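Only one structure is covered here, and it is reproduced in the block below.
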Amino acid sequence: MEKRWVITDNIEQETVEELSHQLTIDKSLAEILVKRGIRTFEEARYFFRPQLGFLHDPFLMKDMERAIDRIEKAIQLNQNILIYGDYDVDGTTAVALTYQFFSHFTSHINFYIPDRHVEGYGISTQGIDYAHAHGVNLVIALDCGIRSNDKIAYANSLGIDFIICDHHLPGDELPNAAAILDPKRNDCEYPFKELSGCGIGFKLAQAYCTLKNLPDALYEQYLDLCMVSIAADIVPIVDENRVLAYYGLKKLNENPSTGLKSLMQIAGKTENYSITDVVFMLAPRINAAGRMGHANEAVKMLLSAEDFIADEQSSLINVQNTERKSFDQHITHEALAMIEQDEVLINRKTTVVFQESWNKGVIGIVASRLTEKYYRPTIVLTESNGNYTGSARSVVGYDLYEALVECSDLLIQFGGHKYAAGLTISPENLPLFSERFEQVVSKSIDPALLIPEINIDATIDFAQINAKFFRILNQMAPFGPQNMAPIFTTHQVILAGTPQIVGTNHLKIHVKQQNSTIFEAIGFNLGEFEKLLKPNQVFSICYTIEENNWRDKKRLQLNIKGIKIEE
């Protein structure tokens, strides 16, 4: 599918010139900073030199004192505490962090992850019954619970208190919990709203250390876990998340926890991790435990203090990840065939597909794959406990959650974010829901959003790319949502050599502008351009700049995102 190239030019050139001068950097780099809201020397210093001291005061979060008081009471009275979390990466890292931290202060502590296939997402009746049967007085729920009003009421009736640590949007009425930590509460004045679920657990640990006058190292040792959650949960890597991600990556690369170190080894990369590496190499393996079996295995791996236990757990979830890939590929193939054989489905602005035998654990991945292929809001459903349960994914710029709100009378339950959600529906309502969802999206989506776009940060010439340019570019990392790796475009480009196809369908070329340095470039899945690019033909490319490290030789390489042949 051809992509639109979008470049924003309406920025104040005076601000760009001033920042370029103050920082002694290339004007194009200053332009990128201004586009990302960095307009002064002081803001640039904050951005380029993250400090743990920049973290916000955890007591600015509504209910933090109440949460600490309730935990302290539980510790003093030797009450049983249960750390409860979701089965995805954010939930399992949050549970591992919070369980490990509070284990320093009490031995009356355990953890619980719901079974994805039996209990589903969030606080479950089964989980509360487990807590009651084990004499639990306090549950600390992470990455879930903000909309579990009925479940919290049930827990209260059994004498169980809840502290909710969530980052999802609350409903109109908050649950009746002992404390609710969620920056998205209307009455919460915490200055940063986009923490991960694990990030909320980190702030709870920070608050406890602050109040008890304990060393910062006691909670900072979990920065790598916090960073993994930030990477996997696709939260904006700005403000506090940038600081946590920066120092979390530093810890992962220099002194990872035993469990993560073992997982890095089994993933085949043990150093120089970026956020992208975490997203594609570590996160899927951690997620695989909950998708194919039980997420307890991931938590056990993350909690491992001894190498042999960590290696055993890493091997187990690596096998589950291999199994997950097989399911994922098979279901994606079936779903694509289903769409391609149905003219009505092909011509819609949405995709809703169902097959009762599909594995519940991988339908979210399949929804993402279908969204990539057809680029429209997508829902993939399977059968679960007599109902249909599914995962939804959106396209950039379209609020999927709001669309589901308009269909809520047809749903048993739903929850999630602007771009990803989960839902459960009665079988008899599926045809009605498919039609309603199509109508809602059709009337509310800007047609331009159904064409994928490449957001270009700056137009440059190859002559601008040198060691200093790349060094400063690198200091903009860690990259992720709201701070993506900058994409550049260069015009009047010609080949310097013969194009090659490498791998399955990847284009390898050498490019230059008139009298410029020659750059090696790779275009993944752009093999169709091999025959279209001719000697002396002028074309434009958009790309990111990377460092290729091959046999201990480092050189700059362009990672091509798009090619336009100039008329």
Side-chain angles (χ1 to χ4, degrees), residues 87 114-127 144 147-151 153-154 168-169 171-172 291 327 330-371 374 376-395 398-445:
Y87 40 67
D115 186 312
R116 177 184 216 125
H117 305 277
V118 178
E119 298 165 75
Y121 169 78
I123 311 296
S124 69
T125 304
Q126 190 172 322
C144 58
R147 287 174 175 260
S148 301
N149 301 42
D150 56 336
K151 302 294 193 299
Y154 174 57
H168 296 98
L169 275 170
D172 294 335
R291 292 187 190 282
F327 273 91
H330 176 70
I331 295 170
T332 301
H333 179 75
E334 284 192 347
L336 286 171
M338 202 178 281
I339 297 164
E340 285 156 13
Q341 290 162 19
D342 188 327
E343 203 168 319
V344 173
L345 264 181
I346 284 178
N347 293 312
R348 287 193 158 199
K349 289 188 168 62
T350 62
T351 298
V352 179
V353 286
F354 162 77
Q355 171 61 261
E356 63 181 14
S357 62
W358 286 344
N359 184 292
K360 187 179 175 181
V362 302
I363 53 175
I365 301 171
V366 175
S368 296
R369 301 240 191 277
L370 298 185
T371 306
Y374 287 101
R376 58 198 189 192
T378 297
I379 297 174
V380 179
L381 296 148
T382 186
E383 193 275 335
S384 178
N385 300 322
N387 290 314
Y388 295 165
T389 189
S391 286
R393 297 292 182 270
S394 193
V395 295
Y398 185 73
D399 195 329
L400 174 83
Y401 186 84
E402 286 303 316
L404 290 176
V405 168
E406 291 200 45
C407 305
S408 58
D409 57 306
L410 298 172
L411 300 173
I412 295 171
Q413 64 179 51
F414 69 100
H417 304 281
K418 181 176 181 178
Y419 294 126
L423 64 152
T424 305
I425 186 169
S426 300
E428 63 271 18
N429 279 345
L430 180 58
L432 268 174
F433 170 78
S434 295
E435 290 304 318
R436 173 91 65 82
F437 185 62
E438 170 69 14
Q439 287 165 10
V440 168
V441 172
S442 293
K443 74 179 182 188
S444 60
I445 196 165

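Note that the structure is predicted; figures quoted are calculated from it, not measured.
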Distance-minimising heavy-atom pair for [X] and [Y]:
X: Cys144; Y: Gly122; answer: CB-CA, 3.9 Å
X: Ser124; Y: Glu119; answer: OG-OE1, 2.5 Å
X: Ala403; Y: Tyr398; answer: CB-OH, 3.5 Å
X: Arg376; Y: Leu345; answer: NH2-O, 2.8 Å
X: Ala367; Y: Ser391; answer: CB-O, 3.9 Å

Exercise. Would you sort out whether Arg393 and Ser368 count as a side chain to side chain donor-acceptor pair (under 3.5 Å), showing the intermediate values?
Key: CA-CA 6 Å; Arg393 297 292 182 270; Ser368 296; 3.3 Å; yes
Could you give the distance from [atom1] ([X]) to [atom2] ([Y]), rounded to the nearest 0.5 Å?
X: Ile425; Y: Glu428; atom1: CD1; atom2: CD; answer: 8.5 Å
X: His330; Y: Thr332; atom1: NE2; atom2: OG1; answer: 10.0 Å
X: Lys443; Y: Glu406; atom1: NZ; atom2: CD; answer: 5.0 Å
X: Arg116; Y: Thr389; atom1: CZ; atom2: OG1; answer: 9.5 Å
X: Lys418; Y: Leu169; atom1: NZ; atom2: CG; answer: 11.5 Å
X: Arg147; Y: Gln413; atom1: CZ; atom2: CD; answer: 11.5 Å

Self-check item: Side chains of Ser426 and Tyr388, donor plus acceptor under 3.5 Å
Solution: no
Quiz item: Is the number of heavy atoms from other residues, nucleotides or ligands within 6.0 Å of CG (Asn347) greater than 12?
Solution: yes
Quiz item: How about Phe414 and Tyr401: are their ring centres within less than 6.0 Å of each other?
Solution: yes
Side chain proximity check, [X] to [Y], heavy atoms < 4.5 angstrom:
X: Val440; Y: Cys407; value: yes
X: Ile379; Y: Leu404; value: yes
X: Arg436; Y: Asp409; value: yes
X: Ser357; Y: Thr382; value: no
X: Pro377; Y: Ile445; value: yes
X: Tyr154; Y: Asp150; value: no
X: Leu381; Y: Val353; value: no
X: Trp358; Y: Val366; value: no

Self-check item: Sole residue of Val352, Val344, Thr350 in side-chain contact (heavy atoms from CB on, under 4.5 Å) with Glu438
Solution: Thr350
Self-check item: Candidates Ile363, Ile365, Thr351 - the one meeting side-chain contact (heavy atoms from CB on, under 4.5 Å) with Val380
Solution: Ile363
Self-check item: Pair listing, salt bridge (charged side-chain N to carboxylate O under 4.0 Å, His left out) test, anchored in residues 341-358, at least two apart
Solution: Arg348-Glu435
Self-check item: Candidate pair Thr424 and Leu411, rule side chain to side chain contact (heavy atoms under 4.5 Å, CB included), full reasoning
Solution: CA-CA 6 Å; Thr424 305; Leu411 300 173; over 6 Å; no
Exercise. Report yes or no: does Ser148 contribute a side-chain atom to a donor-acceptor pair with the main-chain N or O of Lys151 at less than 3.5 Å?
Key: no
Quiz item: Where the side chain of Ser408 meets the backbone of Val405, is there a donor-acceptor pair that is under 3.5 Å apart?
Solution: yes
Practice problem: Could I get the full list of side-chain hydrogen bond (donor to acceptor under 3.5 Å, both in side chains) partners for Asn385, not counting sequence neighbours? | Solution: none
Practice problem: Apply side chain to side chain contact (heavy atoms under 4.5 Å, CB included) to the pair Leu400 and Tyr419, showing each step before the final yes or no. | Solution: CA-CA 6 Å; Leu400 174 83; Tyr419 294 126; over 6 Å; no
Quiz item: Can you list the steps and then say if Phe433 with Leu423 is a side chain to side chain contact (heavy atoms under 4.5 Å, CB included)?
Solution: CA-CA 11 Å; Phe433 170 78; Leu423 64 152; 3.9 Å; yes
